[in-house]
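Worksheet: one structure, shown below.
Note that the structure is predicted; figures quoted are calculated from it, not measured.
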Amino acid sequence: GDILFSDGTTLASTKPVFLIFAQPKVIEEKEVVARKLSQIFGRLDYTNLTDVIEKEKKIKDIEADLVNKLSQNLFWVSLGRRVDLEVKEKIEKLKLNGIGFEASSARFYPEASSSAHLLGFVGSNAYGGETGYFGLEGFYNGELKGKNGLRVEERDALGLPILIGNFLNRKPRT
């Protein structure tokens with residue numbers, strides 16, 4: 001949920017982010033795909049010639065890393081986590097075969113750390129799930145997280161449900 005100032009401006013919110021993945025066994029022209037993606041991943045705001053040279057070096061490093069990942073004998077590899085919508089749309093426009101996206105969300109603090117002592121933050125727990133720590137994020141974490149659903153049913157030796165057996169079904173709460 002959003003956390004707002006008394007005047008309605010946003011202190012904390014949720015924004016969409018994406019995991020970008022590749023299917024190396026589907027991609028035929030790995031070097032071409034790596035070159036196109038490195039141009040997007042390596043974008044920097046630059047103002048002088050030194051920055052331009054650094055940008056080109058960074059793009060070459062990213063391209064080499066992508067070629068390495070795409071050359072692996074795997075069905076799925078991660079290319080980027082927590083990528084914003086703008087970058088996702090640029091990659092989608094390339095219409096590259098074997099590149100996919102998985103949507104998720106991330107906390108966004110427009111005022112940066114100006115109210116971090118009050119808000120706390122959202123980070124990963126021991127299992128990789130997102131959890132609120134300290135401040136309002138930590139205090140209301142239990143309420144914001146909701147509750148998982150539950151389904152319990154009796155099954156026979158083959159693992160099939162027993163139709164006249166006992167069932168317990170609890171819907172998730174958001």
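- Put simply, the side chain of Leu70 reaches to within 4.5 Å of the side chain of Val33, judged on heavy atoms.
- Looking only at side-chain heavy atoms (C-beta outward), Val87 and Phe41 come within less than 4.5 Å of each other.
- With hydrogens and angles left out, the side-chain atoms of Thr14 and Arg107 include a donor and acceptor closer than 3.5 Å.
- Two residues are said to be in side-chain contact when any heavy atoms from C-beta on lie closer than 4.5 Å; Trp76 and Lys25 fail this criterion.
- The pair Glu92-Lys88 meets the salt-bridge criterion, since a charged nitrogen lies less than 4.0 angstrom from a carboxylate oxygen.
- Following chains of ILVMFWY side-chain contacts shorter than 4.5 Å, one can reach Ile27 starting from Ile40, so the two form part of one hydrophobic cluster.
- Taking 4.5 Å as the limit, some side-chain heavy atom of Val77 sits within range of a side-chain heavy atom of Pro24.
- A salt bridge links Arg151 to Glu153: one of the charged nitrogens lies within less than 4.0 Å of a carboxylate oxygen.
- Summarising the local packing, CG of Leu163 is surrounded by 12 or fewer heavy atoms from other residues, nucleotides or ligands at distances under 6.0 Å.
- For the pair Asp61 and Ile59, the minimum side-chain heavy-atom distance is 4.5 Å or more.
- Contact annotation: the side chain of Ile99 approaches that of Leu37 to within less than 4.5 Å [non-hydrogen atoms, C-beta and beyond].
- A perpendicular orientation is assigned to the rings of Phe18 and Phe101, their planes being inclined by more than 60° (bins at 30° and 60°).
- For Glu102, the CD atom counts as loosely surrounded, since its 6.0 Å shell holds 12 or fewer non-hydrogen atoms of other residues, nucleotides or ligands.
- A salt bridge does not link Lys93 with Glu89: every distance from a Lys NZ or Arg NE/NH1/NH2 to an Asp or Glu carboxylate oxygen is 4.0 Å or more.
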